[in-house]
Amino acid sequence: MYDHSRVYIGTAFVAGILLAVGFTELLYPELKHRLRGTPSRSTTSLQDSSADSLTARSGPPVIVNGIEGCIGNTPLLRIKSLSDATGCEILGKAEFLNGAGQSSKDRVALSMIEIAEDKGILKPHSGDTIYEGTSGSTGISLATLARAKGYLAHICMPSDQAIEKSNLLLKLGAIVDRVPPAPIVEKENFVNRARALAQAQTLSPTGGTGFFADQFENEANWRAHYNGTGPEIYAQCNGKLDAFVAGAGTGGTISGVALFLKPRIPNLSVVLADPQGSGLYNRVRFGVMFDLKEREGTRRRRQVDTIVEGIGINRVTANFEAGKELVDDAVRVTDAQALAMARWLVEKDGIFIGSSSAVNCFAAVKTAMKLGPGHRIVTVLSDSGSRHLSRFWAKAGDVGGAVDTKLEDVLNAKDDE
């Protein structure tokens, strides 16, 4: 009996190993790349992704090759307070846990760099410099990955963005230009400046290519979310969700995720979360690009008059264009509502997020109320509130100790004016 038991145990052990290897190949096609230290590329075509082969990764993290290997596979967390208050399951994709620049822009930055490398535009350790016009998070991700992969980074950003973003960029070794806010049609707009500087370096005899990442128009942006964020959400939800809610700056997140999820979940509602001053809300709801705060004589601070950073725009980018026909609805969120939501999430859940994430969560609540109890809504927690201390959170103030905010207070929040 003892000998037979040893045979049975040995056979079961071998069978278990073979079964595990087979399932790994079938269910974790990306895992073998990471174990071998060769991260998968972001150039997968639309036909290459199969929902049948997707699964949420479980167990301890694998060993990855460099900081770029820490990008993706972020948790999907149930936001307890909002779920309990609405009767819906409201889930936040914790993109602030991406391991390079700690935001959803890690995916985009890596995708843009890898595709440029595949095309021979960028060559590591050759003096090439990556230029980008950004409100902050994409620049931080690019600066981090540039150092990791053998490039320099030169970031142009509006001067009214939170100072901690440019300070962090400098610590990461990037050159930073803080330029006065200007419309995209003007030469000194931060995006146009980055493009011009990249062209100047490329034409210079001193050597090294100037690569303009162009996150607003570069299709590597939405493809990063089609190949990563969308499949992860689908797998984590087992293909069962009713709405996806996200803001749009470049438009890459909402387009990429919608392009992946909509064919697999035809009844899915894709909802744009848009801050005040942005024209995208009216573009989705009414087919026109106009906002009352942008009419002549009313512009007070910048093109998109909001304290929210990272989302909100008054033009349709190539990345938003890629998926705009799949966007079903839009929710307008005021600064006061975004500030109130950010404070609520700290008070009720201990979740400390940035301004665009607060807009996303507010719009997720409105979507839940529209759909009714029993539905599942996924939104994006783009970055941490630590990047928004000097502007957004300075205005939000300290949450305080014994407080008992009601959701109605958040929904009905008004500006102090």
Side-chain angles (χ1 to χ4, degrees), residues 17 20-45 48-50 53-76 93-130 132 137-153 168-169 171-174 209 211 213 215 218 220-221 223-233 235-236 252 256 383-384:
I17 292 175
V21 171
F23 269 64
T24 297
E25 289 290 321
L26 176 64
L27 297 179
Y28 296 84
E30 184 189 56
L31 187 57
K32 61 182 180 180
H33 294 289
R34 296 197 173 197
L35 287 171
R36 293 173 184 170
T38 55
S40 55
R41 290 289 183 176
S42 303
T43 53
T44 309
S45 69
D48 289 340
S49 295
S50 171
S53 67
L54 298 171
T55 185
R57 192 177 73 188
S58 60
V62 298
I63 296 173
V64 296
N65 189 32
I67 195 70
E68 59 268 39
C70 299
I71 297 172
N73 291 304
T74 55
L76 192 61
K93 185 69 166 154
E95 289 294 276
F96 58 85
L97 294 178
N98 277 298
Q102 290 83 55
S103 80
S104 57
K105 297 300 186 179
D106 277 0
R107 299 177 187 267
V108 176
L110 183 61
S111 177
M112 293 190 297
I113 291 173
E114 286 188 338
I115 290 177
E117 289 175 335
D118 285 343
K119 293 179 178 180
I121 299 170
L122 283 174
K123 297 179 178 62
H125 308 290
S126 63
D128 291 351
T129 300
I130 299 169
E132 183 59 305
S137 288
T138 303
I140 292 166
S141 295
L142 282 171
T144 304
L145 291 170
R147 286 293 171 171
K149 295 173 73 64
Y151 306 106
L152 298 175
L168 180 54
L169 284 166
K171 297 297 185 289
L172 291 168
T209 297
F211 171 63
Q215 61 168 328
N218 189 338
N221 183 339
R223 285 184 178 276
H225 297 289
Y226 180 91
N227 293 322
T229 318
E232 289 170 25
I233 291 171
Q236 289 166 320
D383 63 1
S384 165

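Fair warning: this is a prediction, and the values are worked out from it, not measured in the lab.
- Across T229, N221, N227, a single residue satisfies side-chain hydrogen bond (donor to acceptor under 3.5 Å, both in side chains) together with R107, and that is T229.
- Pairing each heavy atom of A109 with each of L145, the nearest pair is CB-CD1, 3.8 Å.
- Taking every heavy atom of both residues into account, R147 and G173 meet most closely at NH2-O, 3.2 Å.
- If you take CD on Q236 and CG on N73, they are separated by 8.0 Å, rounding to the nearest 0.5 Å.
- The closest side-chain donor-acceptor pair between N218 and Q215, if any, does not fall under 3.5 angstrom.
- Side-chain contact between I233 and K93 is present, with heavy atoms from C-beta onward closer than 4.5 Å.
- At least one side-chain heavy atom of L97 sits under 4.5 Å from a side-chain heavy atom of P75.
- Atom CG of D383 is separated from atom NZ of K105 by 10.0 Å, given to the nearest 0.5 angstrom.
- Closest of all the heavy-atom pairs between I67 and A148 is CG2-CB, 3.6 Å.
- Taking all atoms of both residues into account, the shortest heavy-atom contact from P231 to Y226 is CD-O, 3.0 Å.
- Taking CG of D106 as the start and CD of E68 as the end, the distance is 10.5 Å to the nearest 0.5 Å.
- Nearest heavy atoms, I115 versus A220: CD1-CB, 3.5 Å.
- Annotation: the span from T74 atom OG1 to N98 atom CG amounts to 5.5 Å, rounded to 0.5 Å.
- Here CG of L110 is found 11.0 Å from SG of C70. Values are rounded to the nearest 0.5 Å.
- The shortest non-hydrogen separation linking A143 to L169 is CB-CD2, 3.9 Å.
- Atom-to-atom distance recorded for K149:NZ and T144:OG1 is 13.0 Å, nearest 0.5 angstrom.
- The side-chain heavy atoms of L142 and M112, taken from C-beta on, include a pair separated by under 4.5 Å.
- Between P124 and Y151 the shortest side-chain heavy-atom distance falls below 4.5 Å.
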